[in-house]
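Beneath this line is the structure, given in C-alpha cells, with notes to follow.
A, B, ... follow the sequence lines: proteins, then strands. Residue 1 opens every chain. A quick note: this is a predicted structure, and the numbers were derived from the prediction, not measured.
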Amino acid sequence: MKFLTMLQSSASISFSEINIVRKAALHLLCSLSLVAACWIAFRLYSWSLVTHTSETLGLLLIIQAPVVIGVYSLVRQDAQKTSYWRAVARGILGLPAGALVMAFGAIVLGAPIGSRYLKSTIYWSILMSLFTFVPPACFFGSSRVDWHRLLAHFRPKEPLDALVSLPAYGSVVGAWIGAWPMPLDWERPWQEWPICVTYGAVTGYLIGTLASSIVVLFQRPAHIKGD
Amino acid sequence: MTATKWALICPFFLILILHSLAIYLFTRGFLLARTELSSFSHCSDLSLSPCSIPSSSMHDFSSPGDHLPNVVGNSSGWTRPAISRLVIIIIDALRFDFVAPSSFFNEKKAWMDKLEVLQKLAAEENINSRIFKAIADPPTTSLQRLKGLTTGGLPTFIDIGNSFGAPAIVEDNLIFQLANNGKKVLMMGDDTWLQLFPHHFNESYPYPSFNVKDLDTVDNGVIKHLFPSLLKDDWDVLIAHFLGVDHAGHIFGVDSIPMIAKLEQYNTILEEVVQVLKNQCGPGDLHENTLLVVMGDHGQTLNGDHGGGTAEEVETALFAMSLGNPSTSVASALNTDYCHPDLNGKKMCIGTFQQLDFAVTMASLIAIPFPFGSIGRINPELYALAGSSFEVRNNCAETCGSHSNLDSWMMNYVNNLCLNSWQVKRYIDSYSTASVIGLPAKDLYYINTLYSEAQRSWPDIIKLAVSYENDIHIGINDNTTSALQRQVDAYSRFLASVAKLARSEWTEFNLKLMGFGLCIMLTSLSVHLFTIRRVNILCKSYYTFPGSSFSFFRVLTVIVFVAIRAVSFLSNSYILAEGRVANFLLGTSGILNLWSSFDSGTVTAEDLLFLVLTIIIRFGIESGMSKDTVGSGSLSSNSPGNIGIEKGYSLWMGLQEFLPIPALYILVILMCIYISRSSCWKCLKHFFIIGNILSYILMSVHWVLESNMIAAPEVLQYFGKTFAPRIIYSIGLLLFVLLALLVTVNKNDMFLVSKSTESLAIVTTGMLSAWSPTILILLGRQGPYVALVCVLGAWCIAKLKYAAQVDDGKGALTELISDPTPVLQWNLLAVCLFFYTGHWCTFDGIRFVAAFTGFEHFNIVQQGILLAIDTFGVSHIIPVMSLPFLVISKHQIFKKESSKGFLLVNLTQAFLMYGLITAVTTTLTIICVTIQRRHLMVWGLFAPKFVFDFIGLLLVDGLICVGSLFYY
C-alpha cells in the first residue's frame, strides 16, 4: 500500500502542471481495467476464479499488466530525465522482483507449496506485484529515498503519494484478511488457496484506488496553496 | 531492596491463586467426572440378594421350564430367560420422527413416514410389537451412547478409570456379561463397537466409520452379512449398526434427498428382516423366541448435528417386536398414555423408554447378570412385550385356572425389579466409597430411605408368592394385584430417584459454579492489568523520560494480535487450525518487524532469518497435522517392498536415526560457548558444563542403541535403553537442586558478579541447562531440531531491531523497554513449538511414547510427570524460564550499567505481560466452552482444548512464581 501511495505522490509532484484530476482519472483506469478483465473472464470464457483459478488469474494479468505499467509510466516522477520506455522497462523488471517478494511473504504466512498450487501461486504473486510493486517501480525507478519514504511513512506527505500507496496497502491488507476464512470447515470451493486471498486483494485494491482518488481530489486545494 | 523484591513477587502468587480458584470452580461446574468401577456382576451374586422367592414357588412360575428349547436351563442368569435370541439393529442418529407416524406431530415433513414397515407392525400387531420414544442422555455422541447403552450408566466426558488413552470399556457391561455367560455375540457395522469391545465378540464384521462423506460402505457391509447370518444358528445376539442416516445428516442435513433415500432403503431392509424372522418363528424354529429391536443411539438436529442435549438430539426411537406368541392379558400392563390414530386411522400407542434402562432390560430378558454399574430400571413395557411369551407357554389352561396371566407376570416382574433395585443399591454404595468426588450425602440418605422402605414390604410379597402356590385354586383377589402394584411403585420410586441423582451428578452442568469461575477469571484479568500499570509507574521512577514513552502503534498491534488469537477460539475450525493460526500471526509480526526495519533504514539478517524460521516451523506443524490424520499408516510401511525401495528406505531411515546427533552437538557447542563466555562462574561453570555434556553424550548413546542399527551386547543395550535416560533425569534434578541451593545462599556472593545483568544471565542459563536435557530426550529424535529452532527463534526475537535503535537516545530506550511485541512473539513462538513437536490439543495428541523413555512399566506418578514434561516442556517450561534473556538483551544493548532494581522491574513487566497473554487466551477458551457447551464437538474438541489451556495457564503461573523466586 505504502509503495503505491509513494508512487502516486511523487507522480503528482513532477506533474504538478498537469491537471491532477486527469491523473486521478488515469489512476481509476487501472481499477476499471481490472473490473473489465473480470467481466471478460466471466462473459467471454465463462470462467470464474473458483472453477478456473489459474486461467482467470492469467487473464487478469494479461489485461492488467500493460494497463498498470502504461499508466504509471505515463505519470512517472522524473519525466524530464527518463523516457517513457525506460519507465516501462523499469516496470517490467519490477514485475518478477515484486512477485518473488510477494510469494515469499505468502509462504511465510502459510501458503501451500506443491505442484498442485505452483501455477496459481505464481500467477497470484505476479498479480500482487502489479498491485504493489510495479506502480512505484515505474514511478520512482530505483530511487532509494522515494522508496524509503513510501515504506516508512504511512501518511502520504506528497499529494500524489496516496495514488500509489493506498491501493498497494489496500491490496496487501485485503489479501491478509482474505486468508482468514481459509481454515473454516465450510468446505466451499472458494476457500482454496489462492481464491479467497485474491478476492480480498482485489477488493482491497479497488477500495484503495477509490480512496486515494478521493484523497487526492480533496487535498488538492490545500497543496496548491502550499506550493 | 528486599521490600521491593517481595512487592514484585507477591502479585504473581496472587494471580496464581486467583487463576487456580477460578479454574477449580469452573471445572467443578463444567467437567463432569465419574469414576469407573472395575467390579463385575457374577451369577453367584444372586445368593447375596434379598430377593429370592422360595424356589418351589419360582418353580411354579417357570414350569414347565423346558418350554424354551433354545435356552440352556435357567442357570446362567439372575432372572428367568424370556427370549432366547436377540437381534439389535442400530440406526445411527435415528430421529424420533423418522419412526413415529406423522399424525403424532403438528405438521407432516418430507422425512416422516418413511419407515412404514415399523409403523405398520406397531399398529397391526400391537400386542407383540411397539414403537417407543427412547430418551438418550447427553453427551449424544455415538461412542458415549454405545457405552451408556451397554453399561447402563451415564458416561461423562472424563470417566476416570484404567483405560488410559484407549476407549475400550473397562466397566462391567452387557456385552461382557453376554460373552462371559456363554452367549455368542455377532457384530456388524460401525467399527466403534470394536474399539469399545476389542475381545468380546464371537464374530465381527467392522467397517470404518470415520469418513462422514461415505454414506454406503458401512451399510452395504452390514447388508452383505446380515441376511445370511439371520438364517444361521451360531449366534445368540446379533448387533447390526447402520451409519448412513448419521452421515447423510452430517453432510446434507435431515431435509434432503439422500436422507430420504437412506430411510427408504432401510424400510426395504427392515421389511426383509421381519419377513425372514417371521418365516422362522414357528415352534422349534430358529426364531421362535427372538426379540427384534430396531433403535437409534441418539437423534440429530435438522442440520445433522448431535452431541448436545436438545430435544431433537436426545429423542430417538426404539421399535421392539417379539416373535413369540402374544398374551393379551399382559398387554394391559402396557402404558396407553400416548396414543394417536395412525395414518390409516387405527389407534396406535407409543411407549417411553429411557436408554439408561436398555442394559438391564436386555440382561433380564436374556437372563444374564445385570451389569454392575447399571442404574437403569427394567422397562415394564418392553419386558411385557417380550416377557409375555413365556407366560402363555406357562399354559395355565389345565392347572392354574384362576391365575390370571397378568398376576403371574407381575409377580415375576416384581422379583426382577427387586433384583434390579438391589443391584443398583449395591452400585451406589460401592461408588460412594470408591469414587474421588462421591455423591452428596443428603441425596444418598434419601435414596437409602426409599430403598429400605421398598424392601420392608418385600416379605409380604414372598408370603403372597407362597400362598399363590399353595392356594392355587383360591381366586386371587384384587388385593394381590394391588400389593404387587404397590411394590412395583416403591421400587420404581427408588430407581427413579437414583436415576435423577445420577443425572444431576453426571449430565448437568452446574451453571452457577461455571459463572462464578468465569467471574473470578475476569477479575484476575483486571488484577493483572492493574499490576502491569503499577509496575509501569514504578519503571518510570527509575528513568524519567521526556514526553510520552508509549509507542501507541506497537501496543495497539499487540492488543489486536492477542484479540484475534483469543477470538479465533470461538470457532471449532480455528481451534483445529490453532497451530497454523499462531504461525500466521507469528509470520505477520515478523513481516511487520521487517517493515519497521525498512522504516528505520537498516534491515538486519535477524529479520529475514526469523521469517525463514517461521516457514520451517510451519512445515513442521503441517507434517504434525498430517501425522494426526494418517494415524496408523506406519504399520503398512513394514510390509516387504521391492529391494530398490528397501535400500533407499534404509538409507533414509539411517539418516533419520543419526542426523539428530550432529544437531545435538551443534547445540552443545553453542551452549558451551555461551556459558564459558561469562567470566564469573568459577568452578560452578565447569560443573554445569560437565553435567550437560555428560547428558548429551548419554542421549546420543541412547539413540544409537535404541535404533538397533548397531549390534551391541545385551547389557549395553539395556544400559542405553533404560539407564541412560534415568541418569539424564537425575543429572537434571541434581543441577536444579544445586541451582536452588546457590540462589538461597546468596547468589551475589557465590558468583562475585559485578553486573546485575550477568548474574541474571547466569541463573537463567543454569535453569535452562538443568531442564533442557530432560526435555530433549523426552522429545525423542526431533528434539535437537526443535531445540535449534527454538534457540534461533529466541535469538532473533531478542535481537530484533534493537541494534537499529541504540543510537536514537533516550526516546528509543523507553520505546524499547515498554514494547510488548517481543513478549507476544515469544508467546506465539511457544504456541507454534507446541504444535511443531507433534502435539495437538486432544488426548490422543499426547505422545504416550515419551512416557516410556527409560521405563518399561507404567506408574501413574512417574509416567504422568514425564508426560507433562514432554507435553509442556518446549511450549511452557522453556519459554517462561528463558524470558529473562529478553530483558537482558535489551539492557545489554546499551552497554550501560543499569541498576538491579530497574532490571527486575523490567523482568516483572515481561513476566506479567506473558502471563496476561496466556490468561486472556485461556479466558476466551473458557467463555467459548461456556457458550458452546451444547455444541456437537464439545466433548471432542472444545473440552480437550479447555483442559490443555487451563493446565497450561496454571503451569505458566506456577513457573512464573518459581522463576521470580529464582531470578529476583
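- Put simply, the side chain of Cys38(A) reaches to within 4.5 Å of the side chain of Leu60(A), judged on heavy atoms.
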One pair to check against side-chain contact (heavy atoms from CB on, under 4.5 Å): Tyr836(B) and Leu829(B). What are the steps and the verdict? CA-CA 10 Å; Tyr836(B) 181 69; Leu829(B) 182 69; over 6 Å; no
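- Ring planes of Phe584(B) and Trp180(A): perpendicular class, angle over 60° (limits at 30 and 60°).
- Both the backbone and the side chain of Leu611(B) have a heavy atom closer than 4.5 Å to some heavy atom of chain A.
- For Thr588(B), the parts sitting under 4.5 Å from any heavy atom of chain A are the backbone and the side chain alike.
- Counting only heavy atoms from C-beta outward, the side chains of Leu576(B) and Pro183(A) never approach each other to under 4.5 Å.
- Residue Ile564(B) touches chain A through its side chain alone, counting heavy-atom pairs closer than 4.5 Å.
- For a residue to count as touching a neighbouring chain, one of its non-hydrogen atoms must lie under 4.5 Å from one of that chain's; by this rule Leu585(B) touches chain A with the side chain only.
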